Every structure is written in structure tokens, then in C-alpha cells.
Protein chains: 2
Amino acid sequence: MGLERNAKGCNCGKCSHKFCASKVPIFSTLSQEELAEINSLKINKKYKKGEILFFEGDRMESLFIINQGKVKVFKYTKEGKEQILYILSEGDIFGELSLFQSEKLTFNVEALEDVNACVLTKNNFEMILSKRPEISMKVLQVMGERLIKMETLIQSLGTKDIEARIATFLLELIPEYTRSRGNIKEIELPLSREEIANYIGVTRETISRKLGKMQEEGILRVKGIKKIIILDEEALKAYL
Amino acid sequence: MGLERNAKGCNCGKCSHKFCASKVPIFSTLSQEELAEINSLKINKKYKKGEILFFEGDRMESLFIINQGKVKVFKYTKEGKEQILYILSEGDIFGELSLFQSEKLTFNVEALEDVNACVLTKNNFEMILSKRPEISMKVLQVMGERLIKMETLIQSLGTKDIEARIATFLLELIPEYTRSRGNIKEIELPLSREEIANYIGVTRETISRKLGKMQEEGILRVKGIKKIIILDEEALKAYL
DNA sequence: CGGTAAATTGAGGGAAGTCAACCTAAGTGG
DNA sequence: CCACTTAGGTTGACTTCCCTCAATTTACCG
């Protein structure tokens with residue numbers, strides 16, 4: 001699967017990470033030569049599922065580009081429960097903030113699956129940025145999108161109706177995590193029940209019960225532990 | 001009051017809005033001449049308390065700088081309740097996002113008190129930006145701070161403990177909204193009870209009850225409708 | 001094919017929401 | 001300056017819904 005990917009995106013046979021830079025929207029305006037330069041500067045890191053990439057309070061000295069896999073970004077609440085802020089996957093970046101304000105990280109990052117990431121040092125990134133200042137605009141766009149996602153999450157958490165929160169969560173997943181088979185949509189869940197609960201601000205048990213209820217209502221079908229088939233997307237939207 | 005302000009910050013007697021640009025961190029690197037240029041480009045707008053500056057879905061074609069007063073930025077939840085995202089006051093900017101991604105506004109903005117704002121058109125701002133590209137870095141910093149605030153809010157909303165949410169809210173207010181009298185701190189609340197409730201994700205009544213409880217415990221004193229005296233800041237922090 | 005971690009299901013309690021009545025304070029006009 | 005009006009705040013009784021705790025059941029991995 002991983003090999004297929006490479007074969008598909010790159011023909012040179014050896015540079016399995018040529019993608020790092022080319023995958024990322026912030027570098028979309030760069031030429032092939034410039035991308036190649038970035039690739040020669042980057043280093044590659046691998047993490048196992050469950051591994052912590054960063055802890056709150058760590059000082060970031062580099063820009064991370066996720067080449068493969070997914071990570072969750074989260075904080076701990078007072079009760080020691082994790083509050084997930086967002087999920088990042090292939091092509092997403094993080095650490096960009098610290099590059100501009102050299103502050104400590106305000107969240108933890110953990111690999112949800114095996115992760116392959118490219119790392120650009122702060123210095124190298126600043127060098128690239130000085131050559132191509134329009135990149136900072138791109139970074140602004142990415143941050144803007146992230147802000148909008150967080151606004152949606154806040155709106156969701158502020159909503160008392162838990163069905164609505166779950167619906168929001170599922171609908172968000174559809175564009176990126178769905179394999180369409182005919183006209184039914186099968187979501188590949190990136191999170192466990194407990195993690196969904198921690199994202200939505202409820203307990204694991206409540207998620208179980210609500211999904212069960214939605215299944216009874218014919219809106220979706222829970223297929224094993226990490227798949228959900230959306231049978232009636234309109235009914236889901238009606239919850240919002 | 002408004003005049004005193006002006007007298008204090010500006011001696012020319014006529015340019016009551018010279019501050020707009022000089023108040024804003026994103027323009028902090030500019031020279032006096034450049035600031036003056038911006039001031040000649042900007043236009044001035046006034047809003048009455050309760051007035052809506054923008055609706056969700058509006059297209060922003062300008063950068064707003066708050067010169068005086070406070071606004072709340074909010075969305076509506078499914079139940080029609082407002083979910084406040086943040087409070088902006090003197091020196092804060094908004095609309096910066098739309099300038100970079102020309103998307104529609106994702107929130108509403110309402111004046112909490114009489115507001116005086118400076119407006120820079122998108123074109124003018126882009127012109128300034130092209131002359132001084134380092135401003136985009138500053139914008140990134142501002143957005144970074146906003147992102148961090150939202151992360152905190154999410155963490156707070158995800159926390160079940162409502163006392164903790166109230167404590168977080170009050171402690172956030174202290175730096176900006178406190179008049180210290182001796183060693184007791186008196187917070188001037190920018191929000192009504194209902195708005196606090198809408199910010200924290202609970203009902204008006206719950207806020208009343210919890211503040212009453214905290215008063216009984218000797219942590220604070222509710223003084224009328226818009227003042228709270230913090231008697232025991234440490235006890236407040238202990239809720240976190 | 002076990003063994004373990006995760007998910008589900010059920011029963012019970014508690015905390016916040018709802019609804020309604022009452023109170024307080026800010027603003028208005030005489 | 002005071003009485004009146006009204007919006008916002010507080011308080012109480014009741015209800016609901018989610019959390020908690022515990023017992024099973026189901027999925028996943030060697």
C-alpha cells in the first residue's frame with residue numbers, strides 16, 4: 001500500500017519522500033527545483049502508532065509535514081481527560097506557529113497510526129521563507145482553515161444536543177475519510193470510541209448509546225469497531 | 001472621557017484617530033510616516049452598543065481595527081443560542097482572515113458598548129503589505145494568539161466541571177479588565193450573565209447559582225450586575 | 001484459539017437544565 | 001429627584017439526561 005503510493009507519485013524509484021514538500025499547500029507555488037531543494041534539506045522521521053511526537057511545553061524548533069499516517073492534537077483537561085483539538089493527516093503541517101512566535105507548544109501530539117513525517121529546521125524554513133515570502137500568505141491560509149475548524153468545534157461543544165455533536169463529527173469526516181461504494185458512504189474512523197468521546201466532550205458510553213440509537217433509527221450502521229456506514233446523510237444533517 | 005483619551009495620546013488636536021494604526025501590534029514595526037500614511041487611508045466607523053457590525057456569511061472587504069469599545073464574536077448554535085468565540089477590544093483587529101482567503105465570514109460581530117473602529121480596505125491593506133511584507137508575520141502572530149485562546153476555550157468547554165470553566169473565564173479577564181484597589185481586584189465584566197453563560201456553554205441560571213456559591217465560599221463578591229471582586233485568586237486557580 | 005483491550009449494555013444517582021415566580025437595577029420621563 | 005417601567009438577574013421546584021459504576025460482550029492480536 002505504501003509502495004503503491006510511492007510508485008504512483010514518484011518515478012525515480014528511490015525518493016520515497018519527494019512528496020513531503022509537494023504534498024503541502026504552503027509550497028504549492030514553488031518550482032520543481034525549489035521543491036527538490038527543500039527535499040534535500042528535510043530530514044525524515046518515523047513514529048509508531050501510539051507514540052508521542054510532542055508534549056505540551058516542548059519547544060518546537062522545526063516545521064513538521066505529515067507524509068503518511070494521522071496524528072491527534074490534544075490537551076489535557078483538569079480531570080486528566082484528553083481534549084482532542086484536531087486530527088492531522090497526510091499533507092498537514094504543524095509547528096508552524098512556533099516558528100513565528102518561538103513559544104512553547106500548547107498541546108500534545110500523538111500518532112494515531114504509524115506516521116512518517118518530514119522535518120524542516122526553523123533555520124531552513126526561514127531561509128525558504130526569505131526567498132519566497134508569499135509562503136507566509138499560504139501559512140496564513142492554513143491557519144485560517146484551522147481557526148475555522150476550531151470555531152466549529154467550539155460551536156459543537158457549546159451545543160447541548162449530543163446527537164448534533166456526533167452528527168457534526170461524522171459529517172466532518174465524510175470528505176476525507178469516506179470510501180464511497182455505490183451511493184452508500186463508509187467512514188473509516190480515525191478515532192476509537194473513547195477518542196471520539198474526548199473530541200466531542202462526552203463519555204465513551206454515551207457515544208455507544210447514541211450510535212446505537214442512530215442505528216436503530218436507520219441513519220447509519222455501525223460496522224465493527226472502526227467503520228460506520230452512513231445510510232441517511234440527510235437525516236444526519238437534520239440534527240445540525 | 002473620550003476627549004481625555006485623545007488628549008493623552010495625540011497632541012495635534014484634530015486627529016482623534018491617529019491611534020488606530022499605532023495601537024495595533026501588526027503595525028508596530030512601521031515608522032511614523034508610514035503610520036501617518038495608513039491614517040490618511042483609513043476611514044472611521046462608529047457603532048452603538050448592541051449594533052451588529054457583521055453577520056455570518058457577509059463578505060469582508062476590509063480590515064477592522066477597534067479603536068475604542070468592545071465587541072463580541074459569536075456563532076449561533078443549533079438551539080439558536082449564541083456561542084461566543086471571543087471578545088475583542090481596543091487595539092484588536094478582525095477581518096484579517098478574509099483578506100487572505102476571501103472567504104465569507106464564519107461568525108457574527110456585535111458591539112458590547114459603543115464602538116469606534118478604523119477600517120482599511122482590502123486594497124489599501126494589500127498595498128501596505130506589499131511595501132512591508134514583514135507585516136504578514138505579525139498577522140501570523142496575532143492569529144497564533146487567537147488560536148491559543150480558542151484552544152483554551154475548547155479545553156474549558158470540554159471540561160465537565162462548571163466551576164472550573166467559570167474560574168477560567170474570570171482569570172482570563174483579570175489582566176485586561178481589572179482595576180486593582182489595594183490588593184483586592186475588581187473585575188469590570190464586559191458581558192452580561194447570559195453572555196457569560198453563552199461563552200461558557202451553560203445557562204444563565206447556572207451562572208447565577210455558581211457565582212452565589214463562590215461568594216458563600218468567600219472566593220469572590222458579586223457587586224451589582226457588572227462588577228466582581230476577587231477575594232481569593234488562589235482559590236479560583238485551585239479550580240483549574 | 002485464548003487473552004486482553006475496547007465497546008456495549010444496564011441500573012442508579014446527581015447535577016444542570018427548564019419553567020416559573022420574584023427581585024433588583026438601570027434607564028426614562030414627568 | 002423620584003416614581004415607573006422594563007430588561008436582566010436570582011431563586012426555587014421539578015425533571016431530564018448524562019455520568020458513574022459494574023457486568024457482559026465483542027473485536028483484535030499474537
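Remember, predicted model here, so these are calculated numbers, not experimental data. Convention: sequence-line order gives letters A, B, ...; per-chain numbering from 1. Side chains are part of it too, since the values below use all heavy atoms of this structure and drop only hydrogens, waters and symmetry mates.
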| Nearest heavy atoms of L240(B) and T168(B), plus distance in Å | CD2-OG1, 3.2 Å
| query | Considering all heavy atoms of both residues, which atom of L153(A) and which atom of L85(A) are nearest to each other, and what is their separation? | reply | CD2-O, 3.6 Å
| Side chain of I225(A): nearest nucleotide among dG12(D), dG9(D), dA6(C)? | dA6(C)
| remark: V222(A) has its side chain closest, among dT10(D), dC19(D), dT8(C), to dT8(C)
| Residues I154(B), M150(A); criterion side chain to side chain contact (heavy atoms under 4.5 Å, CB included); working and verdict | CA-CA 8 Å; I154(B) 288 175; M150(A) 296 189 82; 3.5 Å; yes
Check whether any side-chain nitrogen or oxygen of [X] sits under 4.0 Å from OP1 or OP2 of [N], and answer yes or no.
X: K210(A); N: dC18(D); value: yes
X: T203(B); N: dG17(C); value: yes
X: R193(B); N: dT10(D); value: yes
X: T206(A); N: dC19(D); value: yes

| Is it true that F54(B) and F107(B) have ring centroids separated by less than 6.0 Å? | no
Whole angstrom value for the distance that separates [atom2] of [N] from [atom1] of [X]:
X: E163(A); N: dT16(D); atom1: CD; atom2: P; result: 16 Å
X: Q215(B); N: dG9(D); atom1: CD; atom2: P; result: 15 Å
X: E216(A); N: dT9(C); atom1: CD; atom2: P; result: 9 Å
X: K213(B); N: dG14(C); atom1: NZ; atom2: P; result: 16 Å
X: R204(B); N: dA21(C); atom1: CZ; atom2: C1'; result: 13 Å
X: K81(B); N: dT18(C); atom1: NZ; atom2: C1'; result: 13 Å
X: K226(A); N: dC28(D); atom1: NZ; atom2: C1'; result: 8 Å
X: L112(B); N: dG8(D); atom1: CG; atom2: P; result: 13 Å

| message | A side-chain contact here means heavy atoms from C-beta on lying under 4.5 Å apart; do K45(B) and N116(B) qualify? | response | no
| message | Which residue is it: V202(B), L191(B), L211(B), L173(B)? I am looking for the one with a side-chain contact (heavy atoms from CB on, under 4.5 Å) to I196(B). | response | L191(B)
| query | Using the C1' atoms of five pairs at each end, what's the angle between the two axes of the helix from dC1(C)-dG30(D) to dG30(C)-dC1(D), to 10 degrees? | reply | 50°
| task | Quick one: label I162(B) by what it contacts on the DNA or RNA (base, sugar-phosphate, nothing), any heavy atom closer than 4.0 Å. | result | sugar-phosphate
| Looking only at atom types and distance, does a side-chain atom of R59(B) sit under 3.5 Å from a main-chain N or O of K104(B), one as donor and one as acceptor? | no
| Along DNA chain D (nearest heavy atom to each residue), the more 5'-positioned of E205(A) and G224(A) | E205(A)
| task | Using the closest heavy atom to pick a nucleotide of DNA chain D for each, name whichever of E194(B) or R209(A) lands nearer the 5' end. | result | E194(B)
